[in-house]
Amino acid sequence: MSPVLDERMLDFISHSDTQTRRLGARLAALLRGGEVICLEGELGTGKTCFAQGIGKGLGVEEPVVSPSFTLIREYATAPARPKFIHVDLYRLGEDDLPTLGLEDYMNPSCVVVIEWADRMGASTPEKRLEVRLRFVDDTKRGLTFVAYGEEHRRLLEAFRQSMFGAGEMGGKR
Amino acid sequence: MTLVLGIETSCDETGAAVVENGRRILSNVVASQIDLHKQYGGVFPEIASRQHILTIVPVIQQAMRDANVDWRHLDAIAVTYGPGLAGSLLVGVNVAKALAFAHDIPLVGVNHIEAHVYANWLVPTRPAPTDLGSAPPQPAEPPAPAPEPQFPLVALIVSGGHTELLLMTDHGQFKRLGATIDDAAGEAFDKVARLLGLGFPGGPAIQQAASRGSAEAFQFPRAWLKGTYDSSFSGLKTAVLRTVRKYEAKIGAPAADRKTKLVSSQTPPLMHTVPVPHIAASFQAAVVDVLVEKTRQAAEATKAKQVLLAGGVAANALLRKEMTARLAPVLVLVPPPALCTDNAAPIASLGYFRFMRGERAGRDLDVNPTLRLGVAPAP
């Protein structure tokens with residue numbers, strides 16, 4: 001139903017919040033640190049669910065909860081895994097970003113997941129994996145992944161293989 | 001007589017208070033930043049810490065003046081060292097360390113969430129915290145003897161950043177029974193208030209709008225998460241969003257327009273097109289229903305003698321009313337609304353109990369923005 005659009009894009013329909021979480025965990029298995037994952041989509045499309053899956057996949061033991069109130073939450077992860085940085089820009093405008101200190105986390109020891117990343121405007125990181133979430137019906141959500149930059153393109157390619165088993169890696173992980 | 005100065009800067013309120021024997025408030029001063037943050041629909045970290053720097057010293061000075069005490073009278077200084085916003089916490093912790101060092105007074109580090117519960121130990125000697133700059137309060141009335149909380153007790157802490165259910169068997173002895181798995185209750189209030197164009201902070205705004213609506217107008221979902229004491233408000237938020245969208249679709253506002261309306265920080269009131277009071281009332285009822293039922297189950301299972309409410313959302317009138325009615329015969333203690341929101345009196349109260357147990361923080365006390373309950377302060 002949702003064709004592979006090009007090698008920088010991947011489209012997927014999730015049938016439940018559990019599946020959205022599992023997708024996040026699958027992606028997390030491929031993260032090595034330094035990645036920036038930008039989540040876009042209106043309230044209730046599953047951004048926090050997806051972020052929770054990434055946290056779980058990185059080995060965060062405590063519950064990953066919405067960071068809307070504190071804007072940034074930092075989580076300890078499994079040994080040898082990058083730290084999980086969960087950001088929520090829901091309340092912000094573009095002008096507020098320079099004072100947020102987000103760039104402090106953009107390094108190889110962290111995975112940064114940004115909810116409401118479309119609020120970043122001109123400060124949007126050049127290299128990122130964008131995940132656009134949309135409402136389909138009461139239980140279904142559409143997720144479109146778009147990679148920017150070579151590292152993130154390779155990440156998306158690995159994710160595609162882990163999801164669909166296509167390519168030289170083959171099979172399910 | 002043991003006097004503790006409490007200092008609170010974990011989020012957007014700068015607070016200082018002097019409390020006697022952990023219970024009697026001699027002074028309680030709060031400089032609120034709420035007007036500064038209204039435009040963001042929430043707290044903006046960088047602005048919050050700058051404002052703390054400006055107000056912390058005058059706030060402490062006024063707390064000392066109001067209480068009519070001198071530095072040499074103080075037995076300890078208690079300060080919030082987490083959880084909260086790093087930049088905000090740093091201001092309070094460093095001022096507290098400097099004062100403790102300069103005046104040679106023991107320092108005690110306090111967990112902000114645990115401190116919220118101690119609002120229930122306080123005996124207010126005046127109705128509300130003093131705002132910075134207001135006239136000095138009249139000499140306090142002799143306090144009415146308030147019942148001291150009895151262990152074991154179940155505490156529900158509900159605020160913008162937290163929804164936690166705790167079992168306390170003694171001072172410093174607690175077990176986390178459950179918490180939100182997504183949005184905090186107060187955060188759900190803020191988000192829905194914004195959706196409905198009601199402004200910030202969401203709690204009072206929803207409560208006011210709800211007073212003109214019917215709680216039965218809409219059947220919003222309750223996430224029961226059976227078998228746990230956890231809560232979830234994300235699905236409820238989505239259900240409210242869908243309802244609002246349905247009404248907007250009926251009036252035929254173009255999609256782009258709707259989007260701007262809903263995401264802009266200056267959301268125009270939707271009163272003419274959407275039954276805002278009914279949605280607010282039905283939403284509020286759903287949140288309260290879940291919180292009360294979870295607390296009731298926890299109190300029953302742990303054979304708690306009492307239930308304590310704490311945190312900003314505990315100021316909600318429906319929550320207070322329903323909790324008291326549905327938990328009977330278990331006694332429900334609710335602090336006065338002014339002690340529910342962030343202020344330093346509960347910090348001083350918890351600081352007192354920690355101080356009496358011999359707990360001291362070193363000069364190397366550091367902030368811990370993600371401090372969890374049960375973590376002791378740095379030795």
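Most heavy-atom pairs under 4.5 Å with chain B, from the set A:D138, A:L43, A:I72, A:V64: that is A:L43.
Atoms CD and CZ, on A:E62 and B:R176 in that order, are 8.0 Å from each other to the nearest 0.5 Å. To the nearest 0.5 Å, atoms NZ (A:K47) and OG (B:S234) are separated by 9.0 Å. Of the inter-residue distances, the one linking A:T48 atom OG1 with B:I181 atom CD1 reads 11.0 Å to the nearest 0.5 angstrom.
A donor-acceptor contact shorter than 3.5 Å is absent between the side chain of B:E187 and the backbone of A:P67.
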Begin from the C-alpha positions of B:K191 and A:S66 and carry the test side chain to side chain contact (heavy atoms under 4.5 Å, CB included) through to its verdict.
-> CA-CA 12 Å; B:K191 281 182 174 167; A:S66 169; 3.7 Å; yes
Apply salt bridge (charged side-chain N to carboxylate O under 4.0 Å, His left out) to A:E42 and B:K237, showing your working.
-> CA-CA 12 Å; A:E42 68 171 343; B:K237 166 194 78 188; over 6 Å; no
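Cation-pi check for B:R194 over A:Y90 is met; the charged atom lies under 6.0 angstrom from the ring centroid and within 45 degrees of its normal.
More than 12 non-hydrogen atoms from other residues, nucleotides or ligands lie less than 6.0 angstrom from CD of A:E150.
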